[in-house]
Amino acid sequence: MSKKETAISTKSPKLTVPEIIDYCKNTLGITFTLMDEERAKVFLEKNNFFFRLKQYCSTCTEQTKSGKYIGLDFGHLVELSTIDMFLRKMLLKMTIDLEHYLKVKLVNDCQNNPADDGYEVVEAFLESHGSIRDYISQYGRLSCYGDNSFDKYVVSPSVWSFVEMINFGDFISFYAFYYDFMHMQCEYTKHFDSVRRIRNACAHNKCMLSSFRTVQGFKTDLEINFELLSGNIGIGNGTISTCMKVPLLNDFAVMLSVYTRLISSSKIKEITLQEIKDFFDGRMVLRKQYFGNYTDIKNAYLFARKVLEYYSTKI
């Protein structure tokens with residue numbers, strides 16, 4: 001079979017909303033008890049589309065050999081997608097705070113370092129990152145929000161202007177480069193993989209709650225893992241170690257640790273973490289009876305809530 005024939009054979013057919021409902025019932029074994037078919041149709045027409053919802057199927061249950069899900073209701077998918085939406089918004093807010101305070105720290109370290117003129121390190125970075133130089137050369141034309149004021153800094157950018165011209169991924173690359181170039185220690189760079197993953201997932205509207213299973217080969221943040229193991233957070237060490245092998249749970253814990261250490265405003269930390277705790281104790285468990293039989297979901301919630309409480313005591 002040619003590649004073209006293989007691609008055609010794997011294409012899913014385009015379905016209307018009523019056809020999707022039939023597909024859910026007859027092919028996937030999804031029931032419509034928690035949310036009836038009429039409400040499900042309205043949800044698919046006005047709130048979300050099935051390709052996204054289907055990503056939550058494996059969060060709840062396994063498929064049989066015939067392709068049907070056992071005990072899965074359409075209401076489960078809607079509830080997970082709703083919780084996911086609220087969670088993404090809150091975590092994105094935290095990553096935006098982190099980005100700002102990382103910039104504040106970097107600029108201050110630059111300004112207070114007599115060995116740094118603010119320009120040489122940027123030039124050295126751009127020499128090995130030509131695509132970023134190309135990007136900032138077009139910076140003023142790529143945005144409509146007053147960025148023409150940066151045009152005069154493009155030819156020879158300083159640390160304090162450069163961090164405002166680049167995206168988050170390039171910024172954290174520069175952040176790590178800066179401290180290495182200046183032979184300075186920085187406690188945050190080793191946690192950047194987690195911060196970047198969770199920030200990108202939120203910013204690009206990914207289905208974050210699509211799996212709570214451990215991922216083979218995933219690199220757990222060992223420092224945060226050991227911190228939680230020794231922190232007496234109220235759950236067993238085996239559960240902690242297992243949960244830290246789940247990318248979302250690992251990254252959530254890492255981001256909370258970095259957030260509580262880096263953000264200098266106690267008020268911002270207090271308000272933000274209280275908002276997340278209110279969400280965990282309120283909307284997130286509003287329909288907890290839906291997931292009473294799903295061990296992975298319950299363990300993930302317990303771990304995340306305990307980690308959130310642990311780091312809330314650090315502010």
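Salt-bridge annotation for R88 and D84: present, with a side-chain N of the basic residue lying under 4.0 Å from a carboxylate O of the acidic one. Ion pairing of K93 with E275 is present here, as a side-chain N (NZ or NE/NH1/NH2) and a carboxylate O approach within less than 4.0 Å. Taking 4.0 Å as the cut-off between side-chain N and carboxylate O, K41 and E45 do not count as a salt-bridged pair. Under the 4.0 Å criterion applied to side-chain N and carboxylate O atoms, K68 and E62 are not assigned as salt-bridge partners. Look at K14 and E19 and you find no salt bridge, because none of the NZ, NE, NH1 or NH2 atoms lies under 4.0 Å from a carboxylate O. The pair R305-E309 meets the salt-bridge criterion, since a charged nitrogen lies less than 4.0 angstrom from a carboxylate oxygen.
The local environment of NZ in K219 is sparse, with at most 12 non-hydrogen atoms from other residues, nucleotides or ligands closer than 6.0 Å. For NZ of K105, the number of neighbouring non-hydrogen atoms (other residues, nucleotides, ligands) closer than 6.0 Å is greater than 12. Atom CZ of F218 is surrounded by more than 12 heavy atoms from other residues, nucleotides or ligands within 6.0 Å. Within a 6.0 Å sphere centred on NZ of K288, other residues, nucleotides and ligands contribute 12 heavy atoms or fewer. Counted within 6.0 Å of CG on N293, heavy atoms from surrounding residues, nucleotides or ligands total 12 or fewer; the atom is thus considered open. By the 6.0 Å contact criterion, NZ on K190 is enclosed, its count of non-hydrogen atoms from other residues, nucleotides or ligands being greater than 12. Around atom CG of N26, more than 12 heavy atoms belonging to other residues, nucleotides or ligands sit under 6.0 Å away.
T260 places a side-chain N or O within 3.5 Å of a backbone atom of S257 that can act as its donor or acceptor partner. Remark: the backbone N or O of L308 is paired with a side-chain donor or acceptor of S312 at under 3.5 angstrom. For T61 (side chain) and G71 (main-chain N/O), no donor-acceptor pair under 3.5 Å exists by modelled atom type. Not one N or O on the side chain of H129 forms a donor-acceptor pair closer than 3.5 Å with the backbone of L126. Checking side-chain atoms of D73 against main-chain N and O of T33 turns up a donor-acceptor pair under 3.5 Å. Of the possible donor and acceptor atoms, one in the side chain of K103 sits under 3.5 Å from a partner among the backbone N and O of V163. Using modelled atom types, one side-chain atom of S211 and one backbone atom of R213 make a donor-acceptor pair closer than 3.5 Å. Proximity of a side-chain donor or acceptor of N108 to a complementary backbone N or O of V104 within less than 3.5 Å is detected.
Donor-acceptor pairing under 3.5 Å is lacking for the side chains of Y179 and E187. Y310 and N232 share no side-chain donor-acceptor pair at under 3.5 Å. Under the 3.5 Å distance criterion, with hydrogens and angles disregarded, a donor-acceptor pair is assigned to the side chains of N250 and S194. With 3.5 Å as the limit, one finds a donor-acceptor pair spanning the side chains of S161 and S158.
Closest approach of M165 and Y135 over heavy atoms only: O-CE2, 3.2 Å. When all heavy atoms of S264 and Y101 are compared, the pair lying nearest together is OG-CE2, 3.1 Å. Between E79 and Y290, the shortest heavy-atom distance links the atoms CB-CD2, 4.0 Å.
Partner of F303 under the side chain to side chain contact (heavy atoms under 4.5 Å, CB included) criterion, chosen from T242, V246, I235: I235. When each of T272, I268, I315, L273 is tested with I263 by the rule side chain to side chain contact (heavy atoms under 4.5 Å, CB included), just one qualifies, namely I268. Under the side chain to side chain donor-acceptor pair (under 3.5 Å) test applied with Y311, the options R261, E227, K269, K306 reduce to a single match, E227. When each of C186, S173, C110 is tested with Y178 by the rule side chain to side chain contact (heavy atoms under 4.5 Å, CB included), just one qualifies, namely C110.
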Note to self: side-chain contact (heavy atoms from CB on, under 4.5 Å), that's the test. Do T31 and L72 meet it? Break it down for me.
What the structure shows: CA-CA 6 Å; T31 59; L72 182 62; over 6 Å; no

Check: Do E223 and V254 pass the side-chain contact (heavy atoms from CB on, under 4.5 Å) test, and can you show the C-alpha distance, the side-chain angles, and the key distance before you say yes or no?
Finding: CA-CA 9 Å; E223 180 181 305; V254 172; over 6 Å; no

Checklist line | F50 vs V17, side-chain contact (heavy atoms from CB on, under 4.5 Å): CA-CA, chis, key distance, verdict | finding: CA-CA 9 Å; F50 186 65; V17 168; over 6 Å; no

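In the hydrophobic cluster analysis, where Ile, Leu, Val, Met, Phe, Trp and Tyr join through side-chain heavy atoms closer than 4.5 angstrom, V307 is grouped together with V285.
Aromatic ring pairs are classed by plane angle as parallel below 30°, tilted from 30° to 60° and perpendicular above 60°; the pair F32 and F74 is parallel.
Ring centers of Y175 and F192: under 6.0 Å apart, within the cut-off. A centroid separation of 6.0 Å or more is found between the aromatic rings of W160 and Y153. Taking the six-membered ring for Trp and the full ring otherwise, the centers of F280 and Y301 sit less than 6.0 Å from each other. Residues Y56 and H76 place their aromatic rings such that the two centres sit no closer than 6.0 Å.
Once rounded to the nearest 0.5 Å, the distance linking CG of D193 with CD1 of I172 reads 7.5 Å.
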